[in-house]
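Report on the structure given below.
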Amino acid sequence: MPEGQARCHLSSAELARRCGVTAQPMGTALRDLVERGLVQRRAHPTHGKIVEMSVTAAWVELALRGEGALEPCEREALQTFLPEEQEQVRAYLQRMLGTLNPRALGAAGPPGGTPGA
């Protein structure tokens, strides 16, 4: 796991809410991820009926590889913008995601303010 990042343990229900889907498709997706060794289940430390999900080292490795593969695409897409404009574009995309699915950003919700203001 990248330095400074803590593992996050979320229930299937919370993951479903954040992704804007119902429990059934989330359960199906998580089952596949568990079978592939990318996600692990564990009992909640104080709530016996809750099963928490967390990513494994294999997930982190796969995510980092994916991020690395996307970096050249992002660079190419943003090359027409000045560096400060690139940050604005990223901030606008983050706000758009927050508007389309606020739960995808976690508890923080969509970032406030206008980029470049």
Side-chain angles (χ1 to χ4, degrees):
M1 175 149 290
E3 191 175 322
Q5 277 188 296
R7 292 225 175 173
C8 185
H9 302 279
L10 297 173
S11 70
S12 178
E14 177 60 23
L15 287 168
R17 278 190 292 277
R18 288 187 183 196
C19 292
V21 299
T22 62
Q24 186 175 359
M26 180 56 68
T28 300
L30 288 171
R31 189 171 32 259
D32 180 57
L33 292 170
V34 168
E35 289 173 5
R36 293 172 58 196
L38 299 172
V39 172
Q40 62 188 9
R41 300 174 193 258
R42 74 176 184 117
H44 188 280
T46 58
H47 297 90
K49 293 184 179 183
I50 297 176
V51 175
E52 293 179 323
M53 310 302 289
S54 62
V55 300
T56 63
W59 171 283
V60 173
E61 180 184 331
L62 184 62
L64 291 173
R65 284 188 8 227
E67 190 174 87
L70 288 175
E71 285 174 0
C73 298
E74 181 181 346
R75 253 192 323 275
E76 183 180 343
L78 294 174
Q79 71 182 357
T80 186
F81 298 100
L82 297 172
E84 55 274 4
E85 293 173 324
Q86 292 176 12
E87 291 307 311
Q88 289 178 338
V89 169
R90 288 184 183 96
Y92 287 137
L93 292 171
Q94 187 85 7
R95 280 180 50 199
M96 287 171 52
L97 174 62
T99 299
L100 295 172
N101 187 356
R103 292 184 182 119
L105 299 176
T114 303

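The chain is numbered in sequence order, starting from 1.
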Task: Heavy-atom pair of closest approach, residues Ala58 and Gly37 - done: CB-O, 3.7 Å
Open item on the list: Can you tell me which residue among Arg90, Gln86, Gln79 is in a side chain to side chain donor-acceptor pair (under 3.5 Å) with Glu74?
Closed with: Arg90
Task: Separation of Arg17 CZ from Ser11 OG (nearest 0.5 Å) - done: 5.5 Å
- [ ] Could you tell me the separation between the CD1 atom of Ile50 and the NE2 atom of His9, rounded to the nearest 0.5 Å?
- [x] 13.5 Å
TODO: Could you pull out the closest heavy-atom pair between Leu10 and Arg18, with the gap in Å?
DONE: CD1-NH1, 3.7 Å
Open item on the list: If you count heavy atoms of other groups shown closer than 6.0 angstrom to CD of Glu76, is the number above 12?
Closed with: no
- [ ] Would you check if Met96 and Thr99 make a side-chain contact, meaning some heavy-atom pair closer than 4.5 Å?
- [x] no
Open item on the list: Distance check, rounded to the nearest 0.5 Å: Gln88 atom CD versus Arg95 atom CZ?
Closed with: 11.0 Å
Open item on the list: With clusters defined by side-chain heavy atoms of hydrophobic residues (ILVMFWY) lying less than 4.5 Å apart, directly or transitively, does Tyr92 cluster with Leu70?
Closed with: no
Open item on the list: Between Arg31 and Glu35, does any side-chain N to carboxylate O distance fall below 4.0 Å?
Closed with: no
TODO: Please report the closest heavy-atom contact between Leu38 and Trp59, naming both atoms and the distance.
DONE: O-CB, 3.1 Å
Open item on the list: For Ala69 versus Pro72, what's the shortest heavy-atom pair and its separation?
Closed with: O-CD, 3.3 Å
TODO: Identify the heavy atoms of Gly27 and Ser12 that sit nearest to each other, and give their distance.
DONE: N-OG, 4.3 Å
Task: Interatomic distance, Gln40 atom CD to Met53 atom CE [nearest 0.5 angstrom] - done: 9.0 Å
Open item on the list: Does Gln24 have more than 12 heavy atoms from other residues, nucleotides or ligands lying within 6.0 Å of its CD?
Closed with: no
Open item on the list: Can you tell me how far apart CG (Leu15) and CD (Glu52) are? Round to the nearest 0.5 Å.
Closed with: 10.0 Å
Open item on the list: Nearest 0.5 angstrom please: Leu62 CG to Arg36 CZ, how far?
Closed with: 7.0 Å
